[in-house]
Undergrad: 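Handing you a structure now.
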Amino acid sequence: MDWLVALAKFLVNEILSQPAYLIGLITAAGLLALRKPAGQVVAGAIKSTLGFLLIGAGAGLVVKSLGPLGEMIQGATGAHGVIPTNEAIVGIAQGRYGARVAWLMILGFGVSLLLARFTPLRYVFLTGHHMLFMATLLTMVLATAGLPSAAVVIVGGVLLGIMLVSMPAFAHPWTRRITGNDSVAMGHFGTAGYVAAGAAGQLVGRRSRGTEDMKLPEGLRFLRDSMVATALSMVLIYVLMAVGYLAKAGRAPAFKAFAAEGGTAAHGIGDYLMQAVMQGLQFGIAVAVILFGVRTILGELVPAFQGIARKAVPGAVPALDAPIVFPYAQNAVLVGFVASFVGGLVGLGVLSALLGPAFGLSLVLPGLVPHFFTGGAAGVYGNATGGRRGAAVGAFLNGLLITFLPALLLEVLGAFGKENTTFGDADFGWFGALTGNAAKAGGAGGVLLLLLIGALVLGGAVLVQKRVVERGWSPGAHRDADFPQGGPPPEDASPDDASPDDTAGAAGPTRSYGRIAPPPGAPTPPPPPPPPSREA
C-alpha cells in the first residue's frame with residue numbers, strides 16, 4: 001500500500017501540481033489527437049511548457065519585488081495580523097495531510113473530467129497549483145471537523161471536481177466579454193471577485209471609457225507603453241513607502257527591509273532610495289515576463305486543445321490561470337492592483353474597528369501578491385463592462401472580498417487558524433467557510449450537508465451555462481450603444497493600435513470600442529460563415 005501512496009504523491013507533487021508539465025502534456029496530447037507530425041508535437045509541448053515557466057518566472061519576480069514593499073507598508077502603518085499566502089498554508093498542511101491531499105486531488109480531477117464529459121459544463125481546469133490549493137483546503141476543513149480519512153477523500157474529491165467545472169462557468173459570460181470568444185475560460189479560484197468586478201462595472205461604468213483608451217498629453221505619450229507605465233507607477237509607490245517607513249521607523253529597521261526575499265540591506269540613505277527605485281523597475285520587468293508567457297502559451301495551447309475536445313471532452317474549453325486575461329487590458333491590471341490594495345486597507349480598517357471586536361475575527365493584512373494577481377484580473381473584468389470606473393470599483397470590491405473572506409475561513413481551520421497565514425483568494429474563503437461549517441455537523445448529517453452544497457454549486461453552474469452562457473448573454477453590452485463599432489479611434493492612436501475588429505469603409509478606418517482588442521497571439525473568433533449563394 002505504501003507504493004500506492006508514494007505513486008499518488010509523485011503524480012500530485014511532481015506532475016499535476018506543476019502547471020508547466022501539465023500544460024505541456026495537455027498540448028502534446030491535443031497535437032497528437034490532431035495527427036500533427038512528431039516534431040510539431042514536441043515543439044508545441046515545449047513552447048507551451050516554456051510559456052508557463054515564463055509566467056512562473058514573472059510571478060517569482062513579482063513576489064521578490066513585493067517582499068520589501070510589504071514590510072515597508074506594515075512598518076509605516078503599524079498594522080499587524082494574518083497575511084494570506086496560499087503557498088505558506090499549503091506547505092504547513094502538507095506535512096500532516098499529504099497522503100489525503102494527494103488522493104483527494106487525483107479523485108477530484110477525475111470527477112471534473114467526467115462532469116466535463118457528461119454535463120453542459122465543458123470546462124477542463126488546467127491550473128494545477130490551484131487544484132492543489134483547493135484539495136489542501138478541503139482536506140484541512142473536513143479533517144479538522146473530524147470526518148474519517150475515507151470520507152475526507154471521497155467527499156472532498158467530489159466537491160473538488162464540482163468546483164473545477166463550476167467556477168469557470170460562473171465567470172464565463174464576463175470572460176467571453178474580455179476575450180471575444182469561447183476559446184479560453186478562467187481557471188482560478190478568485191472567481192467570486194472577478195464576477196463581482198464585472199457586475200460592478202455594469203452598474204457604475206456605462207459611460208466610462210476603457211482603461212486602454214486613455215488620452216494622454218503629447219509629453220506623456222510614453223505612458224501608453226504598459227511596461228513603462230507599470231514600472232513608473234511602482235517606482236513612485238516604492239519611493240513613497242520607503243520614505244514613510246524611514247521617517248517612522250528610523251534608519252536601522254528601514255535599511256533592513258531590502259534584505260527580505262534574499263536581498264541585501266541598504267548601507268545608506270542614497271542606496272536605500274535607489275534600491276526602492278530598482279525594485280519598482282524589477283516589478284515592471286516581472287509584469288512584462290508574465291505577459292510574454294501568456295501570449296506564448298495561448299499560441300500553442302488553444303490550437304492543441306481542439307484535438308482534446310474532439311476525443312475526450314467534445315466542445316471542451318481550457319480554464320487557465322488569472323494572468324491569461326492580463327494582455328487584454330494591461331492598464332486595467334495596474335488600476336486593479338492599486339484599487340484592490342486600497343480595498344484591502346479599507347477592509348482591514350473595518351475588521352479592526354468593527355468586525356474584529358464584535359465577532360472576534362482576526363485582522364487580515366493586505367498581501368500584495370494576491371492583490372496584484374486577483375486585483376489585476378478583477379480590474380480587467382471591471383474594465384470590460386464598465387471602463388476605467390468599472391476597473392477601479394470592481395477591483396476595490398475584490399480587495400474587500402479577499403480581506404473579509406479569509407477572516408471567516410480562519411474560524412473553521414482549527415489549529416491551522418493560528419499559523420499567522422491562510423488562503424488568500426476569494427473562492428477559498430467562501431467555499432472553505434461554507435464546507436467547514438457544514439462538516440462540523442459530523443457523521444452522516446455532515447456528509448449530506450456537504451453533498452448538498454456541492455449539488456447546489458453544480459446546479460447553479462449548469463443553470464448559468466444553459467440560461468446565460470449558451471444563450472449568448474453579454475454583460476456590459478449596454479456600453480456598445482455608447483461606444484459602438486465604427487466609432488472614431490483615439491486621437492493618439494497609431495496604425496499599430498488597430499484591433500482585429502477594425503474594418504475599412506467609405507469613411508476610412510474604423511475601430512470597435514465594444515470589446516477589448518485581443519493581444520498578439522490570443523485566440524480569435526472563427527470567421528463568419530459565407531453568405532448563402534444567390535444562384536438559382
Side-chain angles (χ1 to χ4, degrees), residues 17 19 56 59-60 62-67 69-71 73-74 79-94 127-141 163 167 186-197 261 321-323 333 336-348 350-351 361-379 395-413 416-436:
S17 66
V62 166
V63 172
K64 185 175 181 179
S65 66
L66 291 180
L69 183 58
E71 185 171 336
I73 292 173
Q74 184 171 342
H80 296 279
V82 174
I83 301 177
T85 308
N86 295 329
E87 293 80 3
I89 191 65
V90 167
I92 294 170
Q94 283 286 337
T127 310
H129 60 293
H130 262 236
M131 276 192 274
L132 175 63
F133 295 163
M134 183 60 80
T136 305
L137 169 65
L138 289 169
T139 302
M140 291 168 65
V141 296
M163 290 292 286
M167 301 318 294
M186 175 56 69
H188 188 272
F189 288 125
T191 305
Y194 310 146
V195 172
E261 300 295 336
D321 202 355
V333 175
F337 167 47
V338 174
S340 181
F341 185 75
V342 172
L345 291 176
V346 172
L348 175 62
V350 173
L351 282 173
L361 296 179
S362 301
L363 299 185
V364 177
L365 300 181
L368 291 177
V369 173
H371 279 288
F372 172 71
F373 286 106
T374 68
F396 180 85
L397 291 178
N398 176 79
L400 293 178
L401 285 176
I402 65 173
T403 301
F404 296 143
L405 291 175
L408 296 175
L409 177 61
L410 286 168
E411 300 299 304
V412 300
L413 291 183
F416 292 101
K418 304 184 183 301
E419 295 289 348
N420 295 322
T421 188
T422 187
F423 294 89
D425 302 327
D427 296 339
F428 297 125
W430 72 263
F431 195 64
L434 199 60
T435 53

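Any value given below was found using the heavy atoms of this structure, including those in side chains, with hydrogens, waters and symmetry copies removed. Start at 1 with the first residue, then count along the sequence.
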Undergrad: Side-chain contact, heavy-atom cut-off 4.5 Å: L137 with F133?
TA: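 Contact flag for L137/F133 side chains = no.
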
Undergrad: So which atom in L401 and which in A196 form the shortest heavy-atom distance, rounded to 0.1 Å?
TA: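 Heavy-atom minimum between the residues: CD1-CB, 4.1 Å.
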
Undergrad: Counting C-beta onward and ignoring hydrogens, is there a side-chain heavy-atom pair between V412 and M140 closer than 4.5 Å?
TA: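 Contact flag for V412/M140 side chains = no.
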
Undergrad: Tell me, please, which residues at least two apart from F189 pass ring-ring contact (aromatic ring centres under 6.0 Å, His included).
TA: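 Checked F189 against ring-ring contact (aromatic ring centres under 6.0 Å, His included); matches are F125, H130, F428.
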
Undergrad: Hey, could you give me the OG1/CG distance between T127 and D321, rounded to the nearest 0.5 Å?
TA: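 Here the interatomic distance stands at 4.5 Å.
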
Undergrad: Drop me the distance from L351's CG to T403's OG1, to the nearest 0.5 angstrom.
TA: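 Rounded to the nearest 0.5 Å, the CG-OG1 separation comes out at 7.0 Å.
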
Undergrad: Can you give me the closest heavy-atom contact between A322 and Y194, atom names plus distance?
TA: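 Smallest interatomic distance, heavy atoms only, reads CB-OH, 3.7 Å.
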
Undergrad: Which atom pair, heavy atoms only, marks the closest approach of G347 to L400?
TA: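 Reported closest heavy-atom pair: N-CD2, 3.8 Å.
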
Undergrad: Work out which heavy atom in A93 is nearest to a heavy atom in T136; give both atom names and the distance.
TA: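 Shortest heavy-atom separation between A93 and T136 comes out as CB-CG2, 3.6 Å.
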
Undergrad: About how many Å separate NE2 of H188 and CG of D425, when rounded to the nearest 0.5 Å?
TA: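 Result: 4.5 Å between the selected atoms.
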
Undergrad: First locate atom CG of L409, then atom CG of L361, and finally report the distance between them rounded to the nearest 0.5 Å.
TA: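 Output value for this atom pair is 11.5 Å.
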
Undergrad: Could you tell me which non-hydrogen atom of P366 sits nearest to which non-hydrogen atom of L348, and how far apart they are?
TA: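 Between these two residues, the closest heavy atoms are CD-CD2, 4.2 Å.
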
Undergrad: Where do N86 and F423 come nearest, in terms of heavy atoms and distance?
TA: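 Of all heavy-atom pairs spanning N86 and F423, the closest is OD1-CA, 3.3 Å.
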
Undergrad: For residues 367-376, run the donor-acceptor check on the side chains, cut-off 3.5 Å, and write out each pair with its distance to 0.1 Å, sequence neighbours left out.
TA:
from: H371; atom 1: ND1; to: S340; atom 2: O; distance (Å): 3.1
from: H371; atom 1: ND1; to: S340; atom 2: OG; distance (Å): 2.8
from: T374; atom 1: OG1; to: P370; atom 2: O; distance (Å): 2.6
from: T374; atom 1: OG1; to: N398; atom 2: ND2; distance (Å): 3.1

Undergrad: For the CG atom of L405 and the CH2 atom of W430, what is their distance to the nearest 0.5 Å?
TA: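 Reported to 0.5 Å precision, the distance equals 10.0 Å.
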
Undergrad: Taking the side chain as every heavy atom from C-beta outward, state whether M167 and F431 have any atom pair closer than 4.5 Å.
TA: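 Answer no - side chains too far apart.
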
